[in-house]
Participant: 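Got a structure for you, written out below as structure tokens; questions coming shortly.
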2 protein chains.
Amino acid sequence: MDGWMSRDPQASRCQAVTTSRNYDRKRWIDVLMKVKIRKIDHFGFDENRTFQQRYLVADQHWRKGSGPILFYTGNEGDIEWFCNNTGFMWDVAEELNAMLVFAEHRYYGESLPFGNESFSDSKHLNYLTSEQALADFAVLVEYLKRTIAGAQHSPVIAIGGSYGGMLAAWFRMKYPHLVVGALAASAPIWQFDGLVPCGTFSSIVTNDFKKSGPGCSESIQNSWNAINHLSSTDAGLQWLSNTFHLCSPLKTPQDGVVLKSWLTETWINLAMVNYPYKADFLQPLPAWPIQEVCKFLKDPSLSDKLLLQNIFQAVNLYYNYTGEASCLDVSLTATKNLGEMGWFYQACTEMVMPLCTDGVNDMFEPQKWDFDALSEECYSTWGVKPRLSWILSMYGGKNISSHSNILFSNGGLDPWSAGGVTQNISSSLVAIVIPDGAHHLDLRSRNPLDPKSVQQARAMEICLMKEWIEKARHSH
Amino acid sequence: MDGWMSRDPQASRCQAVTTSRNYDRKRWIDVLMKVKIRKIDHFGFDENRTFQQRYLVADQHWRKGSGPILFYTGNEGDIEWFCNNTGFMWDVAEELNAMLVFAEHRYYGESLPFGNESFSDSKHLNYLTSEQALADFAVLVEYLKRTIAGAQHSPVIAIGGSYGGMLAAWFRMKYPHLVVGALAASAPIWQFDGLVPCGTFSSIVTNDFKKSGPGCSESIQNSWNAINHLSSTDAGLQWLSNTFHLCSPLKTPQDGVVLKSWLTETWINLAMVNYPYKADFLQPLPAWPIQEVCKFLKDPSLSDKLLLQNIFQAVNLYYNYTGEASCLDVSLTATKNLGEMGWFYQACTEMVMPLCTDGVNDMFEPQKWDFDALSEECYSTWGVKPRLSWILSMYGGKNISSHSNILFSNGGLDPWSAGGVTQNISSSLVAIVIPDGAHHLDLRSRNPLDPKSVQQARAMEICLMKEWIEKARHSH
């Protein structure tokens, strides 16, 4: 990866542009919360029922009649939470005279097609797909343009991060008549079957820890065997439960596997939110949290128990930075604002993202990618089987060069950059890498501690958005 | 409409190219008939059953490893029938070293997802949509490229006529990673809500009759009142039944309405198949059949009965050109190779095409476009309600300029050109009008009686296809 700087002549027009920095945290003006009736099934006519999709609108800075609409393509969580964690849109609203719209993804937050029954079985879950979500967005964009006075010719730009970034890119690909461009931040649209090596993700996580303190990744690497030793005896399991302050004690060696999965996910999450300032995305955390964590993990050669006591200190920083947790829960790894059930179902249907570890290029226990095991688990949990290649058939895999006006931004520290578009594909499919950025850092509010690389990335993002808007105006 | 000549500089590169004419009807070499297992529902995971999609392959002229694949996007009928009526693909296979593939549309021909139950109720019909059909095509193209030795890098061009032409265009729009371009012949992608006047269609039909003989359209125009008079009495109904040699006699004034609908559809069909040579598409017919029909309809001022006897002669030519029909059936207007049930369902769901008549600009009884009446009829027949604007949300309506490599051809005599793309949209969204062409004449085999305009259109089509293929080769 060559850093954020684009080598493409057209894209480079944007490199020189810098926006006036404004570090004063704006007080966010009231947002209008709305709901709109949607078809539960856009792709069939037998199910004609509807549900209420929630969306948020902020039009304080919108220039009626010509200002653009920045449309956040909601992902797997509560839209209010995403609204509060996408300060970039608020920061640029005034400069672009833009209306902000945050659209909630069906089956998340309050946009539940069947209320409490939405997750009850595969029949009720049948309408939880990216295609249905994009259709919701399409119909919402049309509704807004039709009903908001002065919005008829407003160019719409899709913006999203992570899965929402994938949706933003796909929205532009599939509905280019509705959005003039898309900013797809930290969007692993290539983290699918056969497109990228399954192990890169884990090696990025490992590198983040390696760079953040001597002995750090090695300590984690050594922790797995230590846990294996201790979880083989009842006394060891009890010691682990006490040492890690677990809410539910470990009882069998299988619980040791659960503990390891939870720790693995914790390190991954830390890599995703390794932001340069104090923040509260998945958890409340200090600046550069991996550096803080690594302060506990300097000596990988300690005995099992001493090593694991340090590992506890490390994860306790992640789960209990505020000091409010009375115990740690191995069934939780992140904010409850994310819809874990929904995402698990999506990962069991369309969003099959092969990941693996080898213990050589990464600090994890070796684990091959095992589609069959996933498929069985999915079938026993949801009664559905994942379709490995459908997402490639639908969205084109790596063969996307005929599309246009998509900006893919990636964080160099973010494991999801492994599946991201990190090289320009054409003059209008542009890639940015932010070497010091974690998971969609660029979508967060401006901050005095922002590294220069993210400031430059945002400047380029704004510049390209202006180009798309300008072009749309001329073509109108 | 400005004739077939394109005014765009890029497109005009193709005008000068003429292909060597070959009027010797080639004996079509054996076609391989195949079936492939498909998901019944591409867009949901609860229905995991499959069905067999039929497709035909002819690779006699294919240059393995580099030759293109011409992929016919099957429409509402038996794929063998379309295969036999799309001689253009056979005519160009050798010149392009192309493999021909004809893919059957689900719910038509032998590609019935639920066998005999496929049309039994709205549950079984739920997977009959253009989106599912396109997904079938997408998965088939991928399968062919994966499994046919030497096809991996073969550029694929979608070709279709009428609804199949719409599918070809939409296939390129939605799956540009799978097809390098599309030839959309007589594809009324704009015959939808609010995009074109609903009456143009009928006025084109009328003009075809007006131009084909003096008194012709006036005779038809006067026939409606004659039928109204006669169908108001039992004796009149009996006279009509005898005169028109109907298989089932008319019994009520309401049956007179059925007779008028049947006649209306007959005139429309004649306009669609007004080919310059003897042909058998919807029915076996002589060259320029409207001219033949109009020979019976020279005097519009005749009394009701004399006028209607002439009308009978005219429709008898359409239904009984071979002389084999012992009676005429007002429930049939065209070949049984078309899947009327399926199309009626599609017209009741996605494919809502507003049509109307005013009796001034056309020769029909005035009839306003009545969505509510259609909706009620659809609900009582199928238990589903049409969604008027969905197709616009999905495929962009008139706002399609960001797409590329689609050639829209239109027949000037074809009423469906009313909803077609008849003007260039960009250098790679090109429109052709063939003034002397009826419904997708250009897709038919070369014929000594072809007007020059269709020869030129085909030359341009071949030229553009070569450009797409060449470009795909270079970009590979």
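All chains are named by letter (A, B, ...) in the order of the sequence lines, taking the proteins before the strands, and each is independently numbered beginning at 1.
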Participant: Sort out for me which of A:Lys39, A:Met394, A:Arg387 touches chain B most, counting heavy-atom pairs under 4.5 Å.
Facilitator: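 The residue among A:Lys39, A:Met394, A:Arg387 with the greatest pair count is A:Arg387.
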Participant: Locate the shortest heavy-atom distance separating A:Phe45 from B:Thr129; write the atom from each residue and the value.
Facilitator: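 Shortest heavy-atom contact: CE1-CG2, 4.3 Å.
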Participant: Taking atom CD of A:Glu470 as the centre, does the number of heavy atoms from other residues, nucleotides or ligands within less than 6.0 Å exceed 12?
Facilitator: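 Yes, enclosed.
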Participant: Tell me, side chain or backbone of B:Glu47 under 4.5 Å from chain A's heavy atoms, or both, or neither?
Facilitator: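 The backbone, not the side chain.
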Participant: With chain B, which of A:Glu350, A:Lys174, A:Gln132 has the greatest number of heavy-atom pairs at distances under 4.5 Å?
Facilitator: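 Of the options given, most contacts go to A:Lys174.
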Participant: Near B:Tyr379 OH, under 6.0 Å, is it more than 12 heavy atoms from other residues, nucleotides or ligands?
Facilitator: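 Open.
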Participant: Measure the acute angle between the ring planes of A:Trp390 and B:Phe43, then classify it against the limits of 30° and 60° as parallel, tilted or perpendicular.
Facilitator: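 Ring orientation of A:Trp390 relative to B:Phe43: perpendicular.
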Participant: Looking at B:Gln152, I want to see if its CD is surrounded by more than 12 non-hydrogen atoms of other residues, nucleotides or ligands under 6.0 Å.
Facilitator: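 Not more than 12 within 6.0 Å, no.
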Participant: So which heavy atom on A:Val139 is nearest to which on B:Ser393, and how close?
Facilitator: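 Shortest heavy-atom contact: CG2-OG, 4.4 Å.
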Participant: Is chain A contacted by the side chain of B:Lys398, its backbone, both, or neither, given a heavy-atom distance below 4.5 Å?
Facilitator: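 B:Lys398 has no heavy atom closer than 4.5 Å to chain A.
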Participant: Is chain A contacted by the side chain of B:Asp41, its backbone, both, or neither, given a heavy-atom distance below 4.5 Å?
Facilitator: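 B:Asp41 touches chain A through backbone and side-chain heavy atoms alike.
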Participant: Is it true that a side-chain atom of B:Asp46 and a backbone atom of A:Asn126 form a donor plus acceptor pair closer than 3.5 Å?
Facilitator: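 Side chain of B:Asp46 to backbone of A:Asn126, a donor-acceptor pair under 3.5 Å: no, none is there.
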Participant: Does A:Tyr395 reach the side chain of B:His177, with side-chain heavy atoms less than 4.5 Å apart?
Facilitator: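 In short, these two side chains do not touch, never coming nearer than 4.5 Å.
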Participant: If I take atom OG from residue B:Ser404 and atom NE2 from residue A:His403, how far apart are they, to the nearest 0.5 angstrom?
Facilitator: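 Here the interatomic distance stands at 9.5 Å.
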Participant: What part of B:Thr349 is in contact with chain A, defined as an atom under 4.5 angstrom from a non-hydrogen atom: side chain, backbone, both or neither?
Facilitator: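 Contact with chain A involves both backbone and side-chain atoms of B:Thr349.
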